[in-house]
Amino acid sequence: MQEELFTKIVDMDEEGSIKLAKEYLESGGNPQKLLEVCRNAMGVIGDKFEKGEYFLSELILGGEIFGSIMEFTLPHIKEGESEKLGKIVLGTVKDDIHNIGKDIFKAFVEAAGFEVIDIGVDVPEEEFVKQVKEHKPDIIGMSCLITAGISSMKRTVEAIKAAGITDAKIIIGGGRVDEEVRQLAGADAWADDAAKGVRLCKEL
Ligand code: B12
C-alpha cells in the first residue's frame, strides 16, 4: 500500500489515493502509518513546489487530499486512553494557516490522554495569551510550518511570559522547527513529529 499511496498522492490522483487509503484502513491497516505515508508525500509535493515543478494549485490539491484522508483516519487514532494527563492550548501561530500537522498532533495527544483546546490557525499572540489565561493549561503548543512563523512564535512566547504566565510549559512543532528555533523562540521543547511531541508532553 505504502508505495502505491505515496505515488498516487504525489501524482495528485485524489480519487485513487482516497480509495486506497480507505481500503487500507478497512483491512485493518495502521492509521499512524497511513498518515506517515501521506506526510512523506506532502514533503515531496513541497519540494516540487520549491523547485518550480509544482505550483500553488498542486500545493492546494495536495492539502485537500491529505485533509480528506485525515478526516476518516483521525477517528481511528482517537480510540485511546481515557485518563486525563493534562490540558493543552494548541494553535498555529500568526501568519501561518497550515492546519494539517496541528490537527494530527492534536489527535495523537488526545489519544494519549490530554485534553486539547484547539484555538485554530493564524493565531495572534494576544489571542494565545487570552486563551491561556482563560483555560489555564499545563502545556501551550504552537505549530509553525513557514519561516515567517518563527518570529510569530518568538513574539508569542514573549507575550505569554510578559503576561506573567510562567507555570505552563511551551512546546513548539511543525516543519520549520528545530533546536535552534526552540532556543530563539524561548520554548521549553520542540518536536517535528507528532509521536515525539506526545512523548515530550508526558515528560514536561
Ligand atoms: C499542504 C501545504 C499547503 C496548504 C495548507 C493546507 C492546510 N490545510 O494546512 C496551502 C496550499 C494552503 C499552503 C499554503 C502556503 N504554503 Co504550504 N505547504 C503545504 C505542504 C505541501 C504540506 C504541509 C503539511 O500539511 N505537511 C504534513 C504535516 C503532517 O506535517 P507537519 O505540519 O510537519 O506536522 C507534523 C509534525 O511537524 C508535528 N507537528 C505539527 N504541528 C505541531 C505542533 C506541536 C506543538 C507539536 C508538538 C508537533 C507538531 O506533527 C505532525 C505529524 O507528525 C508543505 C510542504 C512540507 N514539506 O511540509 C508546504 C510548505 C509548508 N508551504 C510553503 C509555502 C511557501 C506556502 C505559501 C507561502 C505558498 C504561497 N506562495 O502562497 C502558503 C502560505 C500560507 C500561510 N500564510 O500560511 C513552504 C514553506 C517554506 C518556508 N520555509 O516558509 C513549504 C515547506 C513548501 C516548500 N517546500 O516550499 N501550503
Side-chain angles (χ1 to χ4, degrees), residues 1-26 29-78 90-112 116 118 120-123 141-150 152-153 171-182 190-200:
M1 172 292 293
Q2 301 190 28
E3 243 169 74
E4 202 186 337
L5 178 63
F6 177 88
T7 310
K8 279 188 191 303
I9 296 175
V10 173
D11 291 346
M12 302 282 135
D13 177 358
E14 185 170 16
E15 212 174 301
S17 42
I18 290 173
K19 185 169 173 277
L20 191 61
K22 276 190 177 152
E23 282 168 6
Y24 173 71
L25 275 184
E26 278 159 16
N30 180 335
Q32 303 196 0
K33 193 172 277 173
L34 177 62
L35 291 174
E36 200 48 46
V37 174
C38 295
R39 187 186 175 201
N40 292 339
M42 299 307 274
V44 173
I45 292 169
D47 292 345
K48 283 180 178 284
F49 173 74
E50 218 165 358
K51 285 191 227 148
E53 291 170 27
Y54 274 179
F55 300 98
L56 192 56
S57 51
E58 277 93 3
L59 216 55
I60 294 171
L61 184 54
E64 281 173 6
I65 296 174
F66 198 165
S68 306
I69 294 177
M70 206 168 68
E71 217 171 290
F72 57 79
T73 307
L74 290 188
H76 290 264
I77 289 174
K78 283 187 177 164
L90 175 69
T92 301
V93 293
K94 186 167 175 359
D95 296 328
D96 190 343
I97 61 163
H98 295 85
N99 71 294
I100 296 174
K102 167 183 72 62
D103 290 352
I104 292 178
F105 172 64
K106 178 184 171 188
F108 273 56
V109 87
E110 278 182 342
V116 178
D118 184 351
V121 298
D122 191 15
V123 180
M142 295 175 203
S143 186
C144 168
L145 265 84
I146 57 173
T147 308
I150 295 174
S152 303
M153 279 195 295
I171 181 165
I172 59 174
R176 272 317 131 247
V177 162
D178 57 19
E179 175 56 24
E180 205 181 322
V181 172
R182 182 199 69 76
W190 69 276
D192 57 3
D193 81 75
K196 184 177 160 201
V198 170
R199 272 198 309 279
L200 289 167

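We count residues from 1, following the sequence as given.
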Could you tell me whether the side chain of [Y] reaches within less than 4.5 Å of the side chain of [X], counting heavy atoms only?
| X | Y | result |
| --- | --- | --- |
| V181 | W190 | no |
| E26 | K22 | yes |
| D122 | I97 | yes |
| I69 | Y24 | no |
| I100 | R39 | no |
| I45 | Y54 | yes |

Test side-chain contact (heavy atoms from CB on, under 4.5 Å) on V10 and K48; report intermediate values, then the result.
CA-CA 9 Å; V10 173; K48 283 180 178 284; 3.8 Å; yes
Do the side chain of [X] and the main chain of [Y] share a donor and acceptor less than 3.5 angstrom apart?
| X | Y | result |
| --- | --- | --- |
| E58 | F55 | yes |
| S17 | K8 | no |
| D96 | L145 | yes |

Should the heavy atoms of other residues, nucleotides or ligands under 6.0 Å from [atom1] of [X] be counted, would the total exceed 12?
| X | atom1 | answer |
| --- | --- | --- |
| E180 | CD | no |
| E3 | CD | no |
| E23 | CD | yes |

Can you tell me which residue among L61, D103, L35 is in a side chain to side chain contact (heavy atoms under 4.5 Å, CB included) with F66?
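With F66 as partner, side chain to side chain contact (heavy atoms under 4.5 Å, CB included) holds for just one option, L35.
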Side chain to side chain contact (heavy atoms under 4.5 Å, CB included) involving L200 - partner list, sequence neighbours excluded:
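Residues passing side chain to side chain contact (heavy atoms under 4.5 Å, CB included) with L200: I171, A189, A191, K196, E203.
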Tell me the closest heavy-atom pair linking [X] and [Y], and the distance in Å.
| X | Y | result |
| --- | --- | --- |
| A194 | I104 | CB-CG2, 4.2 Å |
| H98 | T92 | O-OG1, 3.1 Å |
| F72 | H76 | O-CD2, 3.1 Å |
| F105 | V198 | CE1-N, 3.9 Å |
| V121 | K102 | CG1-CE, 4.0 Å |
| S152 | D95 | OG-OD2, 3.9 Å |

Point-to-point distance, once rounded to the nearest 0.5 Å, from [atom1] of [X] to [atom2] of [Y]:
| X | Y | atom1 | atom2 | value |
| --- | --- | --- | --- | --- |
| R199 | D193 | CZ | CG | 7.0 Å |
| D192 | I172 | CG | CD1 | 10.5 Å |
| N40 | I9 | CG | CD1 | 9.5 Å |
| M42 | D47 | CE | CG | 12.0 Å |
| M70 | N99 | CE | CG | 5.5 Å |
| Q2 | L20 | CD | CG | 10.5 Å |

Taking 4.0 angstrom as the limit, do K33 and E36 come out as a salt bridge?
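Salt bridge between K33 and E36, a charged N being under 4.0 Å from a carboxylate O: no.
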